[in-house]
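Remarks on the structure that follows.
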Amino acid sequence: MTEHIVSFSQVTKRYPGKLALNNVSFQLPRGRIIALVGPNGSGKSTILKLIAGLVRPSRGSVTVCGKKAGRRIAGEVAYLSELDALYPFFTVEETIKFNAGLFADFEHQKAQEILHFMHLEPDKKVRHLSKGNRGRLKILLTLSRRAPLLLLDEPLAGLDPLVRDSIIKSMISYLDLREQTVLMSTHEVSEVEPALDLVISLGNGQIKGMEEVEKIREQYGCSLVDWMKETLAK
C-alpha cells in the first residue's frame, strides 16, 4: 500500500480556450478528510475529475492508490458529481438497488441506515424529490461504498443551511477513516471546517496553499475562511 493515496506530478489540464490547471503537484495522505477550496473556475472540479479518471491531464501524471488514474480505477474511487446524474423514473429504493448492482463494494445495509438518517422516502420517485433531497440521495450513494477514496464535488450544494450540520455529522459517522479518505470541493468552508483535517487552497489553476486545519487554528490563530482569503491574495 502506497503512503499517499493520490499523487499529482506537474499536472496541466487544458480545455478549449481555457487553462484549468497549471503545473500542479501535490500528494494526499490516507485516512483524512480533505477540502479543496477556492473561487469558481479555480480548478477544484477538474482535480476531482482527473482523480476519478473522467478526464486526462494534458501534461503530467495522476496516480491513485499507486495506479495511473483512469476508468479502470472505478473500484478504488466513489465519485459524487456536482451534476444531477440520477435516473428520474427510479424510486429512491430502486436507485439504491441499481447502484448496488453497479459496484461490488456497495453496502446495502449501510445504505438503509443512511436512508433512515436522511429521512428519505424509499418509494418516492427521484423526479419528485426536492433538490435538497436529491443531494441527500447522492451523498447516501457515495457513503455506501467501501471504496478507499471518496470524491465529493460540492456535496452541500442545494441543501438547506439548517440541515447542513446534521449532514456533515452523518458524513463523518458513516466513514471509516481507517480505510477511507475523503476529498471534497466546497464553498461552505466555515460549515465543513470542524470536520476537516487538511485543506488545499486553489486559485487560477494553481495551488495557493496546503495546510493542516489544526495548524491554521492553533499556530496561525485564524479561521479557515481567513486563511483561504490570505492565500488567494498572494
Side-chain angles (χ1 to χ4, degrees), residues 1-8 24 26-38 42-52 62-65 69 73 76-82 105 107 110-111 113-114 117-118 135-136 138-157 159 161 163-202 207-220 222-228 231:
M1 181 182 290
T2 57
E3 180 183 354
H4 297 99
I5 195 164
V6 171
S7 180
F8 273 52
V24 168
F26 64 86
Q27 293 178 316
L28 300 182
R30 293 178 178 271
R32 314 294 286 280
I33 300 178
I34 306 163
L36 294 169
V37 299
S42 58
K44 302 188 299 295
S45 292
T46 296
I47 284 178
L48 295 180
K49 289 174 183 175
L50 284 164
I51 295 171
V62 179
T63 59
V64 179
C65 300
I73 63 164
E76 314 272 358
V77 175
Y79 175 61
L80 185 157
S81 170
E82 63 177 337
D105 65 347
E107 294 184 289
K110 182 190 282 190
E113 293 174 11
I114 301 173
F117 180 88
M118 296 283 195
R136 294 182 190 204
K138 287 163 59 178
I139 291 172
L140 178 157
L141 297 174
T142 307
L143 293 181
S144 297
R145 298 270 311 276
R146 290 194 308 274
L149 180 60
L150 307 184
L151 304 175
L152 313 178
D153 198 355
E154 296 293 345
L156 302 180
L159 294 178
V163 303
R164 285 176 184 167
D165 183 60
S166 65
I167 297 300
I168 292 167
K169 288 177 180 176
S170 77
M171 289 169 57
I172 297 171
S173 63
Y174 288 107
L175 288 170
D176 181 0
L177 291 176
R178 296 168 300 177
E179 303 290 340
Q180 294 181 303
T181 303
V182 178
L183 177 63
M184 72 171 78
S185 70
T186 184
H187 284 98
E188 286 77 21
V189 179
S190 59
E191 290 174 87
V192 301
E193 179 176 351
L196 298 178
D197 299 305
L198 185 69
V199 62
I200 302 171
S201 175
L202 285 164
I207 302 289
K208 297 295 185 178
M210 182 172 175
E211 193 58 87
E212 298 279 346
V213 174
E214 185 175 340
K215 186 175 181 179
I216 292 172
R217 288 194 292 260
E218 295 186 359
Q219 293 190 23
Y220 302 158
C222 64
S223 70
L224 189 51
V225 172
D226 290 336
W227 175 85
M228 182 181 73
T231 59

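For clarity, every value in this text was computed on a predicted model and none was experimentally measured. One is the number of the first residue; the rest follow in order along the sequence.
Side-chain polar atoms of D153 and S185 form a donor-acceptor pair below 3.5 angstrom.
Applying the side-chain hydrogen bond (donor to acceptor under 3.5 Å, both in side chains) test to D105 and every residue at least two apart in sequence or in another chain returns R145. Considering only residues two or more places apart in sequence or on other chains, K169 meets the side-chain hydrogen bond (donor to acceptor under 3.5 Å, both in side chains) condition with D165. Every side chain to side chain contact (heavy atoms under 4.5 Å, CB included) that Q180 has, sequence neighbours left out, goes to L150, L175, D176.
The heavy-atom pair separating V64 from A69 by the smallest distance is CG2-CB, 4.2 Å. The two residues M118 and I167 come nearest to each other via the heavy atoms SD-CD1, 3.4 Å. Closest approach of L159 and R164 over heavy atoms only: O-NE, 3.1 Å. Contact detail for T186 and V189: the closest heavy-atom pair is O-CG2, 4.2 Å.
Rounded to the nearest 0.5 angstrom, M210 CE and L28 CG are separated by 5.0 Å. Atom CG in L196 sits 9.0 Å away from atom CD1 in I216 (nearest 0.5 Å). Rounding to the nearest 0.5 angstrom, the gap separating the SG atom in C65 from the NE2 atom in H4 is 13.0 Å. Rounding to the nearest 0.5 angstrom, the gap separating the CE atom in M171 from the CG atom in L152 is 5.0 Å. In this structure, CD on Q27 lies 12.5 Å from CD1 on I5, to the nearest 0.5 angstrom. A distance of 9.5 Å separates CD in E179 from CZ in R30, rounded to the nearest 0.5 Å.
T142 places no side-chain N or O within 3.5 Å of a backbone atom of Y79 that could act as its donor or acceptor partner. Side chain of K138 to main chain of P155: no donor-acceptor pair is present (N/O by atom type, distance under 3.5 Å, no hydrogens or angles). Distance alone, capped at 3.5 Å, places no donor-acceptor pair between the E76 side chain and the P148 backbone.
Using a 4.5 Å heavy-atom cutoff, the side chains of I114 and S144 are in contact. Counting heavy atoms from C-beta on, the side chains of E107 and R146 come closer than 4.5 Å. Contact annotation: the side chain of E214 never approaches that of Q219 to less than 4.5 Å [non-hydrogen atoms, C-beta and beyond]. Side-chain contact between L149 and I73: absent, with no pair of heavy atoms (C-beta onward) separated by less than 4.5 Å. Under the 4.5 Å side-chain criterion, counting only non-hydrogen atoms from C-beta, I47 is in contact with L202. You'll find the side chain of M184 reaches within 4.5 Å of the side chain of I33, heavy atoms only.
Residue L80 is tested with L140, I139, L141 for a side-chain contact (heavy atoms from CB on, under 4.5 Å); the sole match is I139.
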**Message:** I'd like to know whether R32 forms a side-chain contact (heavy atoms from CB on, under 4.5 Å) with V182, so could you lay out the CA-CA distance, the side-chain angles of the two residues, the decisive distance to 0.1 Å, and finally the verdict.
**Reply:** CA-CA 6 Å; R32 314 294 286 280; V182 178; over 6 Å; no
**Message:** Is there a side-chain contact (heavy atoms from CB on, under 4.5 Å) between L224 and R217? Walk through the geometry before answering.
**Reply:** CA-CA 8 Å; L224 189 51; R217 288 194 292 260; over 6 Å; no
**Worked verdict on L183 versus V6 for side-chain contact (heavy atoms from CB on, under 4.5 Å)** = CA-CA 10 Å; L183 177 63; V6 171; 5.7 Å; no
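Shown here is E212, whose CD atom has more than 12 heavy atoms of other residues, nucleotides or ligands within 6.0 Å.
Taking the six-membered ring for Trp and thresholds of 30 and 60 degrees, F117 and Y174 have ring planes more than 60 degrees apart, a perpendicular arrangement.
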